[in-house]
Structures are given as C-alpha cells and as structure tokens.
Amino acid sequence: MIENEETRIAEEQYSASSIQVLEGLEAVRKRPSMYIGDIGERGLHHLVYEVVDNCIDEAMAGYCTDVDVKILEDNSISVKDNGRGIPTGMHEKEHRSALEVVLTVLHAGGKFDKNSYKVSGGLHGVGVSCVNALSDLLVAEIHREGKIFVQKYSKGKPITGVEVVGESHDTGTTITFHPDATIFTQTTVYKYDTLANRLRELAYLNKGIRITLTDLREKVDEFVTAEDGERKATGNQVYRSDIFYSEEGLKEFIDYLDAGAPKLIPEPICVNTDKVIPIDIALQYNTGFSERIYSYVNNIHTIEGGTHLQGFKMGLSRSLKNYAEKNNLLAKFKGELSPEDFREGLTAVISVKVAEPQFEGQTKTKLGNPEATSAVSQATAAAMDQYLEEHPKEAKTIVEKIVLAATARAAARKAREMVQRKTPMGGAGMPGKLADCSDHDPEKCELFLVEGDSAGGTAKQGRDRRIQAILPLRGKILNVEKAAQDRAFESQEVRNIYTALGVTVAQEDESGEKHMDLSKLRYHKVIIMTDADVDGSHIACLILTFFFRYMFDLIKNGYVYLATPPLYLVKKGKEERYCWTDAQRDAASAELGKGSDKGVTIQRYKGLGEMSDEQLWETTMDPARRVLRQITIENAADAERTFSMLMGDDVPPRRAFIEENAHYANIDA
Ligand code: 0RA
C-alpha cells in the first residue's frame, strides 16, 4: 500500500506533464463528484446548468438573447444559443481547434475573451469540458462565419474532426449531450421541474434573456386558462414547455416569490449599483412573519450566505433604525429592537458579482470575500435611506411592522423559555408521546419522527427499543413558513421535537447566523419516516423546512435522515420481495413468477400503517437492512426552496405542482 502511494507521488513529481494529466478529463471521469458535486440527481442536472452558464456568459457579454433547452426522448439534453458560436479555427499554441480546446480542457472557457467580465461559469467553474467528460455522446454544432460546423465526442474524446456540414446565416452554439450511465449509476432521467426551477431563477437573475425549456419525452394534455381563471383542457396533446423571461429581473422575482402574500408596500424596493462590485437587490415586506432571503454570487445560490448577506442585513437595519429614530417613530416603544425584527415578513433577493469569489463553508457556497460586506452594506443603506425619505407613508408602515415584530419577539422569548425550561434533566419532562429508548449514548441513539399515531404504534412495536425512540407527530406539522415565531413555539409538535432532542432554540450571532448548542443532543440520528406517497412527501418536506429554518445546525452536522419504506411487496407462496422502484417490482415478479406467474401477488403499500411491525422493522428500521438517505445542506435547501417557492401560500397552481410531484424535489442519497 504505502509503496504504491509513494510510487504514485514520485511519478507525479517526475514529469511536468502529469499536471496536465491531472487537469485532463480523465481526472473528471475518475472523481466526478469533485467536479460536479455528486453523481446523483443533483450532479446529473448540474451538467445542464454548466452548459447553460456558458450561454448566460455569452448573453452577459452582449452577444446572445435566447437560450433553448430541450430534454430529448432518450434523456439527452440539447442547449442552443444565438451567441457568437464557439470559435472553430486553429488554436495557435494547442495545435487543435479552439472548439476542441473549449471542450477538452478544464477551465478553458474564458481563456480567449479577456475583456469580458466573466462572472458566471457554474458552481464548480469547470465548464463544458466537464460535461463532455461525463457524456457518452456530445455533439457540438456551431453556426459561424456562414457555415455549420459539427464535431462529436464520446467520454471527452473527439470521435470526429470538426466537419462543415452546411451553410448558415446565423450564429450560435448547440451542445447536445447524453449523460454517461456508467458515471450516473443512480439515474439518468431528467426532471422537468428541477430544470424549470433553475432556469426560471436564471431568467430572473439575468433580465432580458429568454430561456425556453421543452420536454420531448412525452406529450401532455394542453390546458388554457380562461379569463375567469379556470383551467380547461383543449383536447390537444403537446410537449410540455415553458418560456422564462424577465424584463425587470429581481423585482419580478420578488413578485413571483411573494405571489399571494399580502404586501406591506406597493412595490419592491430595489438596490442597484456597480460602484465597487455589481450589486442587484430587491426586497419587499409582506404581512407574514417569515424571513426569506435568497442570496446569489455570480448566479450561484449561496445557501450558507456569507459576507454579502451579512452586509445586506447590516445596511438594512442601520438605515431603518436611523430613519425611525430621526423621525421619532419609536417614542412609544419601550423595548429594544434586535436585528431580526427588521426582517420579519421580509422577502429579499441579493445578487452580487464578484470577480474572484472565495467560497467557504461545507457546501462551498458561503461567500468569504471581506470587501463584499461593506460594499453591500453601503449600497443597501444608501438605497434604503433614499426610499424611506421619498416614501414617508411606506416608511411608517415598515417601522410599525418592525415594532410589532419586536413586541412579538418578547412574547416569543417567553414561549421559548417554556421550551427551554422543559429541557430534559435525565429523562424527566419528556413529551408523553415519546417512546424513548433505553440506551443514553447519543451516538448510538436514533429518533424516528413518524407521521400519525397509527404508524407510530407500528413503529413502537417493530423498533429496537434499546437504541430507537419513536415520536409520533400529529398529521401535518405547522407550516413554519407562515407562522410567527411565537406561534411556532406554541405548537405542541414543535415543542415536542425540541424537548425530545434535548436542544434549545438557535440564537443569532454577530454576523447574523443562527447557531444552536448541540452538546445535549440526545440522538445523533433523527429519522423522518413518512408514507411513501404524496401526502407523506409533503409532510417530510414540512418537517425538513422546519429543521432548515430552526435547526440548521442539525442538518449541517449530518444528523437528519429520511427513511425509505418500500413501495411494493411481491409475493409467491412463502417467497417475498420488497421493492422500492417499479423496475424492482417488475424484476421480482418475473423472477418469482418463473414457470407459472400464477400465485404472484403484488401489494402496493400505501402507507406505513399497512405494514406489520415485523415488515416495518425488516424493510425500513433495521440498521442492518434499511437504506437511510442522509439530508445534506444542498438537498434541504432545495426542499426548502421548492417548498417555499411553491407552497409558501396556498396559491392553487403551486398546490397542483406539489400534487403532481409525488417525490421530493431533489432529495437523493
Ligand atoms: C470561447 C470563446 C468565445 C465564445 C465561447 C467560447 C462560447 C462558448 C459557449 C458555450 C455555449 N455557448 C457558447 N458560446 C460561446 C468568443 C468567441 C469570439 O470571440 O467570437
């Protein structure tokens, strides 16, 4: 072992070209997750974003207006733009076409156009070459200089030369790729809604670009919305397609995010400057209580925030506080304003461009550049100062909301203290519904959060009572998106979760991040176990949203999991097969039915309650046999975003979306 390792290191040092090798596409194929995050559903979709990012760059440089994304019948993706077209001429130093350099050298994308302010380029910034490496077929079609050029690749290697196949009066690039199933072993099936969510977001973040998405895999019923708002089927079958286009950018993004929520001020407030770095912000207050701030750097969602977010919070509080004091609006208010009070009912999108972003944190999506704090803080305060001066009526409304928030916070603190007082001292004061385990070593112990009393009962019977505790939750837990903090802490289910876990409420630190003390956490696995149906995934989503907003550190430390109960039981005589997918079901039924398919029965589990306690143990709870899906920050953020963007309010089309999507937006292993 050691010898091999040493030999390998020696070899790497031996030739300078080994660096080239390491930077080549073989490295991408060897360790794909290092380049695209993971090789599950997220990574698969990431390939599309990586290509689209190049088109966005081309658009930001002023050469492209339209991007056309298609999901082809075999789950290939084609991305077409009307930019300049990737250059096809010989690259002097490389002795091959520039096209080939772009498609086979990591980071090559931006090397030619020094002038452009390249800010996009994908989360991992690896470019199209990475997509090429991970595709079993990639076809590049370039319209440029009056001609159509085509070159084909497989697994990153050219399989044809650059061929002229026709003439064209337009310019542009079309990249068509098919993800390599030997890399993406979990799935190569694209989800329309996942792509749609990201493309919609990109359209809002980059106003003026028209992005279309079309699914050529199957036709669906066409609907029209009549003037009275009713959706009617036309009787036609069409490919599913959406056009994402935003004239006004973030302002419209806010309207989309807040659709249905009663607004506090008529129009979102916008912050827009290029002084130090490009900063684009829109914010709106609604009559609700939750704080929703989405921050982006170079079009990348910064889940863990960072210096730009910190600057925004500082600038916002400073301006509002100054204004309120200067105009004597706090005269009657006796309490104290805390930073959070300025953000109750706030929906904001922050988009900044940073030339050399330093990404930190677990997900590498936390901006570290210190200069962003003051730049964003000053820009925000200046724009807010001006808005408040020019809109005294709205200013007064916002300040009144802040004072109300501060008053409610005092009440919330009381409720919180109640939660904290009930914190366990050796088992006493545990929720009545909790069936605790006998072991007390948190590292060994697991808490199952189970939907409903009946499934809870089965789980209690089936569990290993030494290390597994069960907490049944009543139906749908509170939607924390829509509740004030004090109401959240009044919820019995929410309190039970705090008490059972042995934790107290997270507190905001100076930089505006919430952290909680996990030293008394009683279980190191918190397992959400819900039915494998639409309602079940909705409930899982609600619980995840709660953890995401109130107990982020729990997710960050990898303590939160989803259980995966089977969907089917295929049976013949005494032979039984549990199945989690339709493919497994079909295989099992073929296997057991060999000879005669008589006597093969397929049972579809609709809920946990339909399983016996032994079945639940064997399939879902037994540590030796079950499959748990660990919730990552990214997955939780996706769930939260899907949930928040779609379910924040019961707007009917959003509801329909959830119902159509029986599965969690983006949660994978
Ligand atoms: C390198 C240089 C130039 C454009 C591009 C790459 C380019 C890449 C992609 C990928 C998808 N769409 C794209 N469009 C353009 C500059 C070309 C010039 O100077 O004419």
Side-chain angles (χ1 to χ4, degrees), residues 25 28 35-36 45-72 76-135 137-153 156 158 162 164 168-179 195 198-199 202-203 206 208-213 244 298-299:
L25 296 189
V28 181
Y35 297 86
I36 55 162
H45 289 78
H46 191 92
L47 299 181
V48 184
Y49 310 150
E50 203 66 61
V51 180
V52 170
D53 278 340
N54 286 276
C55 310
I56 302 271
D57 283 343
E58 190 68 1
M60 301 223 283
Y63 299 105
C64 167
T65 56
D66 288 68
V67 180
D68 208 344
V69 180
K70 288 194 175 75
I71 312 172
L72 308 185
S76 288
I77 296 284
S78 117
V79 182
K80 178 181 175 190
D81 69 56
N82 63 349
R84 287 169 293 183
I86 304 176
T88 52
M90 277 312 254
H91 192 271
E92 300 256 319
K93 278 189 206 141
E94 295 272 348
H95 303 294
R96 44 187 174 157
S97 70
L99 174 63
E100 199 170 314
V101 175
V102 169
L103 286 174
T104 58
V105 180
L106 282 171
H107 299 286
K111 275 186 185 161
F112 316 121
D113 46 355
K114 299 178 205 83
N115 309 334
S116 98
Y117 185 32
K118 214 173 182 66
V119 288
S120 177
L123 169 51
H124 301 270
V126 282
V128 233
S129 60
C130 200
V131 178
N132 194 17
L134 303 177
S135 297
L137 181 66
L138 181 143
V139 181
E141 180 179 316
I142 317 295
H143 292 226
R144 209 182 143 98
E145 294 148 19
K147 296 195 183 81
I148 304 175
F149 303 88
V150 170
Q151 188 175 26
K152 296 183 182 174
Y153 292 80
V162 180
V164 177
S168 174
H169 298 296
D170 305 319
T171 64
T173 305
T174 306
I175 302 283
T176 307
F177 66 90
H178 183 266
L195 294 176
R198 174 60 181 160
L199 297 178
L202 280 173
N206 304 279
I209 307 178
R210 185 177 308 274
I211 308 177
T212 57
L213 174 63
F244 304 111
N298 304 348
N299 288 332

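The chain is numbered in sequence order, starting from 1. Numbering of ligands and ligand atoms starts at 1, following listing order.
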*Determine yes or no for a side-chain-to-main-chain donor-acceptor pair under 3.5 angstrom, with D68 supplying the side chain and K80 the backbone.*
no
*Among A59, A140, P87, which one has a heavy atom closest to atom 17 (C) of ligand 1?*
P87
*Go through ligand 1 atom by atom and flag the ones less than 4.0 Å from a non-hydrogen atom of R144.*
17 (C), 18 (C), 20 (O)
_Interatomic distance, I148 atom CD1 to H143 atom NE2 [nearest 0.5 angstrom]_ = 4.0 Å
*Should one rank N54, T171, D81, I142 by closest heavy-atom distance to atom 12 (N) of ligand 1, which comes out on top?*
D81
*Distance, nearest 0.5 Å, that separates NZ of K70 from CG of L195*: 14.0 Å
*asked:* If you apply the rule side-chain hydrogen bond (donor to acceptor under 3.5 Å, both in side chains), what do you find for T65 with N82, and how did you get there?
replied: CA-CA 7 Å; T65 56; N82 63 349; 2.8 Å; yes
*Sub-4.0 Å heavy-atom contact, V128 with ligand 1*: no
*Given that the side chain starts at C-beta and the backbone is N, CA, C, O, which of these parts of E145 lies under 4.0 Å from ligand 1, counting heavy atoms, or is it both or neither?*
neither
*Parallel, tilted or perpendicular: which describes the rings of H45 and Y49, with under 30° parallel and over 60° perpendicular?*
tilted
